[in-house]
Novice: 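Please find one structure pasted underneath; my questions will follow.
Atom set for the values below is all heavy atoms of this structure, side chains included, hydrogens, waters and symmetry mates excluded.
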Amino acid sequence: MSISTILLYAGIALVVVFFMFYRVRILKFVGEVKVELDKCSWPWDPNQTGFKKYKELIESTVVVVISVILLAGYVTMWDFLLSHLVGWLTGASFYK
């Protein structure tokens, strides 16, 4: 047996022992997670099919992607301007 096989078996044994020791807490946690997920409002209507089902999800994703691109451009612009301003004030040159 190689060391990697021994480590794999030891890891599996550790997970099994951990689960057996904390099984009540783990199962209680999983049950509570299921109850909370049932309360969630998901971004699609379960009665629709196809792309209509994911319309809100797709629209939200597009809004997030556009927002990230705009924020990245804004931060990049200010980084460029301020770095050149500081370089001009200190006499440091960016292009050597």
Novice: Please say yes or no: joined through hydrophobic side-chain contacts below 4.5 Å, possibly via intermediate residues, are Val75 and Met77 part of one cluster?
Specialist: no
Novice: Which value, rounded to the nearest 0.5 Å, describes the distance between Leu57 atom CG and Lys55 atom NZ?
Specialist: 13.0 Å
Novice: Out of curiosity, does Tyr74 fall in the hydrophobic cluster containing Leu81 (side-chain heavy atoms, cut-off under 4.5 Å, transitive links)?
Specialist: yes
Novice: Are Val30 and Val35 connected in the hydrophobic side-chain network, where two residues link if heavy atoms are under 4.5 Å apart?
Specialist: no
Novice: Say you draw a straight line from CG of Leu71 to OG1 of Thr76; how long is it, rounded to the nearest 0.5 Å?
Specialist: 9.0 Å
Novice: Show which side-chain atoms of residues 4-17 pair as donor or acceptor with protein atoms under 3.5 Å away, not counting sequence neighbours.
Specialist:
| from | atom 1 | to | atom 2 | distance (Å) |
| --- | --- | --- | --- | --- |
| Ser4 | OG | Ser2 | OG | 3.1 |
| Thr5 | OG1 | Ser2 | OG | 3.1 |

Novice: Could you pull out the closest heavy-atom pair between Arg23 and Met20, with the gap in Å?
Specialist: NH1-O, 2.5 Å
Novice: Is there a chain of hydrophobic side chains (I, L, V, M, F, W, Y, each step under 4.5 Å between heavy atoms) that links Ile69 to Val64?
Specialist: no
Novice: Classify the angle between the aromatic ring planes of Phe80 and His84 as parallel (below 30°), tilted (30 to 60°) or perpendicular (above 60°).
Specialist: tilted
Novice: Between Val62 and Val65, is there a shared hydrophobic cluster once you connect ILVMFWY residues whose side-chain heavy atoms come closer than 4.5 Å?
Specialist: no
Novice: Drop me the distance from Leu37's CG to Glu32's CD, to the nearest 0.5 angstrom.
Specialist: 12.0 Å
